[in-house]
Amino acid sequence: MKKACIVTIGDEILIGQVLDTNSRHLAIALEEIGLHVCRMLSIGDRADEIESTLTRELAQNDVVITTGGLGPTKDDITKGVLARLTGSKSLVRHPGQLEKVHSILQSRGLDVLPINLAQADVPDTAEVLVNQLGTAPIMIFRNVKGGGTLYSLPGVPHEAVGAIPSVLEDIRQHQQLSSILHRNIMVYGIAESALSERIASWEDALPEEMHLAYLPNPLTGIRLRLSCYGGDPEEERKKMEARMEQLKSILGPLVYADEDSNLETQLGKLLKQHSLTVSCAESCTGGEIAHLFTSVPGSSAYFLGSVTSYAICVKEKVLGVPSQTIEKFGVVSSEVAAAMAEGVRKLTGSDYSVATTGLAGPGGDEFNPEGTVWVGVATPRHTVTVKYNYKNDRLRNIERFAASALNFLRLQILEEI
């Protein structure tokens, strides 16, 4: 299995001023062609650190890709370090990149300064892929000090991403790559530790070439990714599919998607497939559920509308929640969640409805601590409620309330269709 390392260069990344998205795009692309990314590093604009890091990584990896440090300003020092690292005797001006520098600056109505022209200068040890989107070149250095191949990309995100296809093509031409296969399922409604226990026997029986990763996200649940490294792709794909079918049978309705997805998308597919409609009444989630529903293209086919009944008077006057119910059980209660769900279902004429009432925080009491939510779902047959409690900050609680409500609604629909 061929190995790779991605190194982002720039003080702006280390101080959090700029988010490193280049590494993510590169890692995804490299894995897809069968190059296993072992490390992703971020280092500052210091020549000694750049040189020592690249020397170490080139000795341990077949491919090292850097992004950043190739601009026209004095803090962009990567090119000089690469010249020294690769034993370059001089810089040469690359005609293709020089032409691109002229065309880009002129198209922007900018003067072509000597500092801009110098961006087309590359170490004489480099091969060049012309950067079609910017003035800094894409450089390739092969067999650096007997180690791997080094690719130097600009740091500007759209330029780095734009360089990926040509870099991948070069890697394919010069590396003997083996296959890497990935298969995902999405799980919601179980803690990662409990999930691990439930599937322990299945996971222990995986062949050596297969590896399971747990990728939790509080808003989408847990993504289980089964990966297979090496072997015949078609044969391994069949083996992976058989293993995943076993896993799905073990987990049952905890599995909500057969791919990398989210609850709102899969719930939308379920509603659309069975020609069902839905509405929602929200108190503590403040419209978050409606936002999730409507973020999915085509949701107008099944989502009828919502009521954000934050105030008690709106719960009573719009949704028809009896004042006696609120007085007797409190706003944050199973009874109020049920009445809200029934009220919005009647108001909109939807097949199903979901409602939330809770305490996102700060604040709470012994009966309903901070992070408590009651979710109600009204169906053509009955109304059911469930209570959840999360211990996050206010915004994260709201997001988790909404995701849990969507999943509870999903489970009720599955029971009835």
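Note that this is a predicted model, so its numbers are computed, not measured.
Summarising the local packing, CZ of R223 is surrounded by more than 12 heavy atoms from other residues, nucleotides or ligands at distances under 6.0 Å. No more than 12 heavy atoms of other residues, nucleotides or ligands lie within 6.0 Å of NZ in K238, so this atom counts as exposed by the packing criterion. Taking a 6.0 Å sphere around CD of Q176, one finds it holds 12 or fewer heavy atoms contributed by other residues, nucleotides or ligands. Counting non-hydrogen atoms of neighbouring residues, nucleotides and ligands closer than 6.0 angstrom, the CG atom of D204 exceeds 12 such neighbours. Other residues, nucleotides and ligands contribute more than 12 heavy atoms inside 6.0 Å of the CD atom of E241. Within a 6.0 Å radius of CD1 in I312, no more than 12 heavy atoms belonging to other residues, nucleotides or ligands are found. Heavy-atom contacts from other residues, nucleotides or ligands closer than 6.0 Å to CZ of R142 number more than 12.
Residues V64 and Y151 have side chains not in contact (no heavy-atom distance under 4.5 Å, counting atoms from C-beta outward). At a threshold of 4.5 Å between non-hydrogen side-chain atoms, the residues L195 and L251 count as touching. The side-chain heavy atoms of L117 and L98, taken from C-beta on, include a pair separated by under 4.5 Å. With a 4.5 Å cut-off on side-chain heavy atoms, V167 and I65 count as touching. Proximity of K3 to V63: side-chain heavy atoms (C-beta onward) are nowhere separated by under 4.5 Å.
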Steps toward side-chain hydrogen bond (donor to acceptor under 3.5 Å, both in side chains) verdict (S42, T8) | CA-CA 5 Å; S42 293; T8 55; 2.7 Å; yes
Check against side-chain hydrogen bond (donor to acceptor under 3.5 Å, both in side chains), S283 and K315 = CA-CA 9 Å; S283 184; K315 291 179 177 68; 2.9 Å; yes
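Panel note: side chain D11, backbone D45; a donor-acceptor pair is recorded below 3.5 Å. Not one N or O on the side chain of Q97 forms a donor-acceptor pair closer than 3.5 Å with the backbone of Q119. Side chain of N217 to main chain of L219: a donor-acceptor pair is present (N/O by atom type, distance under 3.5 Å, no hydrogens or angles). Between the H174 side chain and the D170 main chain, a donor and an acceptor come within less than 3.5 Å of each other.
Listed by first then second residue, pairs satisfying side-chain hydrogen bond (donor to acceptor under 3.5 Å, both in side chains) with a partner in residues 185-197 read Y188-S404, not counting sequence neighbours. Among residues at least two apart or in separate chains, side-chain hydrogen bond (donor to acceptor under 3.5 Å, both in side chains) pairs with a member in residues 339-357 are T277-D351, S279-T348, S279-S350, T285-T356, E342-T383, T348-S350, Y352-E416.
Remark: the S227 side chain and the H182 side chain contain an N/O donor-acceptor pair separated by less than 3.5 Å. Side-chain contact check for N407 and R410: at least one donor-acceptor pair (N or O, by modelled atom type) lies under 3.5 Å. Checking N389 against T372 by side-chain atom types alone, a donor-acceptor pair falls below 3.5 Å.
For the pair R183 and D260, the salt-bridge criterion is not met [side-chain N within less than 4.0 Å of a carboxylate O].
Between H36 and Y229, the ring centre distance stays below 6.0 Å.
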